[in-house]
Structure formats: structure tokens, C-alpha cells
Amino acid sequence: VNIGTTGSLSNNSGTFLIDANTNLTFRGGVQTFDNADGSVEYMRIDSNGNLGINGNPISYANGQATLFIEDTANPAIGISDTGQSKDYFIVANGSRLGIVYGDGSNTGSFSATTEIASFGNSGLVGLGTDSPSSQLTIKRDSSGTGITQYPAITIDNGNSSGFSQVRFTDDGTENASILVSNSDQSMRFRAGGATERMRIGASEAVFNEDSNDYDFRVESDVQANTLFVEGSSGNVSVGSGTPVPSASNYDSACLHIRQT
């Protein structure tokens, strides 16, 4: 059908042409696009504006318009540059939504595919894998030593006096965290809330930098208190958990150093 500028219709060997100066309007409750004999429906637009491909369109939540794609295998949305040298797909199946890269090498088919990210229906997320085993799984099979070669997470704070942080919380309340300072390039470990317990810097390692009442203990294979520093007094014991010797805790194998 050829629609001219005057709105007239004429046969044009089975093609449907729209003149550049003509608006195309569909009216009615449902619009469908079928194969030649109408036996297979390829696309449907319902009365609410929802679009379905290979299936009846559905509305999401409060009736927002949606694009719905259905297939018996793995329905996908593809994004490609000219010549299919680099193609990206959003692929769905029964258990996950995946983002996949396919190298077409300027041909009509893929020579290789790479799983970029996978989002499971149970909330598990995978980077480089379509079968994550935890809340976040990062996978890359490589023997390379460069930062772009092995699985890695990069946290970048571009402020020279800023910090980067990984926090561990219980319903929003901080239990522990790891901070890295850009100014002195130190790594700081906090536990029991926001209290710093240990700091590893470029030139020294410090335990209890904030001078809290916090004990320090080193355990060996045969001794629970190989080295013990009492936070409240600053006294040191080697081989005993009580820094100040007395008749009740005296042990000839212990060395007690008392701060004066």
C-alpha cells in the first residue's frame, strides 16, 4: 500500500510506503503485526500502550507502559555497531538477566561471546560469570599480573586528602570498616563500630592509634598469650595474660614488664 501526500491508497507490490509528509496513525483498541497470512503474530500494541513482541504485552506494577519480549529460548535485546564487529545483548532466561558481549568480527555471526554481568532472580550478581555463588561474584580466568588481567575491584577517590572505604553494617549500623587515606596512603581497620583498631602506613604499623582501652594479644601454637599488652595500664607480658605478676599468677616461664 502506498499512502501519498493526498491520503490516497494504491497497490505497490505488497510493500507499505509512507510519504515523508504524511503522518501515520493507528486507531482502535489493539494493533497487531502478523506474518503474511495472519497465522503468526509478531508484535502487539494494546489499548494501554504496552508493546509485546512474540507475546501479549503486560503492564508493570501500577500500570506503567512496558516493552515485553517473549521467547521459548532466551529472549534478548541487541545493540550493534555497523558491520556487527561489536555486539551487546541483554539476555533473559528463567533464572537470570545477563549482559553479553559478542565479537562478530564484521560478519553476520559471533566468533566469541563474553559474559559481562549476570543478575540472578535470587539477588546474586556475577561479573564475568553467569553463575554467581554469592551476593557478588567476580570471575576471570587469567594468569596475567596486571590490574586489568586478574579479577579486581577498584575504588578511586580523586581527592588527594580524601578516603576510600568499605563498610560492614547491620541494618545501617556500622560494625566494622576498612579505610584507605589518600594523604598518607595508610590502611585503617575499624571494629566494634567506628573505632580504629589498627593502622598500616607506608613507614609503620600502629595498633590502637587512638589510645583506647583495648588489649593486644599474640597467640602461638603452644601459648595463648605469647605476647600480651594490657590496654588499660600499658603493661606488657610475655607468656601470660596478666601483665603484673602476683603470687596467684606467677609463672617462672613468663616475663612481665610494668610501665611506670
(request) Tell me whether Leu227 is reachable from Val206 by hopping between hydrophobic residues (I, L, V, M, F, W, Y) whose side-chain heavy atoms are closer than 4.5 Å. (result) no

(request) With rounding to the nearest 0.5 Å, note down the distance linking CG in Asn56 to CG in Asn50. (result) 11.0 Å

(message) Any side-chain to backbone donor/acceptor pair from Asp210 onto Asn212? Under 3.5 Å, distance only.
(response) no

(request) Indicate if Met187 and Phe163 have the same hydrophobic cluster label, given that clusters are the connected sets of ILVMFWY residues with side-chain heavy-atom separations under 4.5 angstrom. (result) no

(message) Would the distance check show the side chain of Asn182 and the main-chain N or O of Asn159 forming a donor-acceptor pair, the cut-off being under 3.5 Å?
(response) yes

(message) Ignoring hydrogens, what is the shortest heavy-atom contact between Ser118 and Glu115? Give both atom names and the distance.
(response) CB-OE2, 3.7 Å

(request) Calculate, to the nearest 0.5 Å, the distance between atoms CZ and CD1 belonging to Arg188 and Ile178 respectively. (result) 13.5 Å

(message) Between Ser134 (side chain only) and Leu136 (backbone N and O only), is there a donor and an acceptor less than 3.5 Å apart?
(response) yes

(message) Please find the pair of heavy atoms, one from Tyr214 and one from Arg197, that lie closest to each other, and give the distance.
(response) CD1-NH1, 3.3 Å

(request) Rounded to the nearest 0.5 Å, what's the gap from CE on Met198 to CZ on Phe216? Could you check? (result) 8.5 Å

(request) Answer yes or no: is there a donor N or O on one side and an acceptor on the other, between the side chain of Thr66 and the main chain of Phe68, under 3.5 Å? (result) no

(request) Find the distance between OG1 (Thr129) and CZ (Arg140) and round it off to the nearest 0.5 Å. (result) 14.0 Å

(request) Ignoring hydrogens and angles, tell me if any N or O in the side chain of Arg44 forms a donor-acceptor pair with the backbone of Pro57 under 3.5 Å. (result) no

(request) Find out whether Pro132 and Val125 are in side-chain contact, i.e. whether some heavy atom of one side chain is under 4.5 Å from a heavy atom of the other. (result) no

(request) Search all heavy atoms of Glu219 against all heavy atoms of Gln223 and return the closest pair with its distance. (result) CG-O, 3.4 Å

(request) Let me see the working for Leu67 and Ile53 under side-chain contact (heavy atoms from CB on, under 4.5 Å), right down to the final yes or no. (result) CA-CA 8 Å; Leu67 168 63; Ile53 298 177; 4.1 Å; yes

(message) With a 4.5 Å cut-off on side-chain heavy-atom distances among I, L, V, M, F, W and Y, is there a chain of contacts connecting Phe33 to Ile77?
(response) yes

(request) Rounded to the nearest 0.5 Å, what's the gap from CD on Glu209 to OG on Ser186? Could you check? (result) 9.0 Å

(request) Check the hydrophobic clustering (I, L, V, M, F, W, Y; side-chain heavy atoms under 4.5 Å; chains of links allowed) and say if Phe189 and Val180 are grouped together. (result) yes

(request) Keeping the roles fixed (side chain from Asn54, backbone from Ile69), state whether a donor-acceptor pair exists under 3.5 Å. (result) no

(message) With a 4.5 Å cut-off on side-chain heavy-atom distances among I, L, V, M, F, W and Y, is there a chain of contacts connecting Leu124 to Leu127?
(response) no

(request) Keeping the roles fixed (side chain from Gln149, backbone from Ser143), state whether a donor-acceptor pair exists under 3.5 Å. (result) no

(request) May I ask you to decide whether Glu174 forms a salt bridge with Arg190, counting only side-chain N to carboxylate O separations under 4.0 Å? (result) yes

(message) Please check: side-chain N/O of Asp213 versus main-chain N/O of Ser232, any donor-acceptor pairing under 3.5 Å?
(response) yes

(request) Verify the neighbour count for atom CD1 of Ile155: are there more than 12 heavy atoms of other residues, nucleotides or ligands below 6.0 Å? (result) yes

(message) Just checking Gln185: does its CD atom have more than 12 heavy atoms from other residues, nucleotides or ligands closer to it than 6.0 angstrom?
(response) no

(message) Can you confirm whether Ile116 sits close enough to Tyr88 that some side-chain heavy atom of one is under 4.5 Å from a side-chain heavy atom of the other?
(response) yes

(message) Quick check: do Ser240 and Asn225 have side-chain heavy atoms less than 4.5 Å from each other?
(response) no

(request) Ignoring hydrogens and angles, tell me if any N or O in the side chain of Asn35 forms a donor-acceptor pair with the backbone of Val40 under 3.5 Å. (result) yes

(request) Calculate, to the nearest 0.5 Å, the distance between atoms NZ and OG belonging to Lys139 and Ser133 respectively. (result) 9.5 Å

(request) Answer yes or no: is there a side-chain heavy-atom contact under 4.5 Å between Ser177 and Leu179? (result) yes

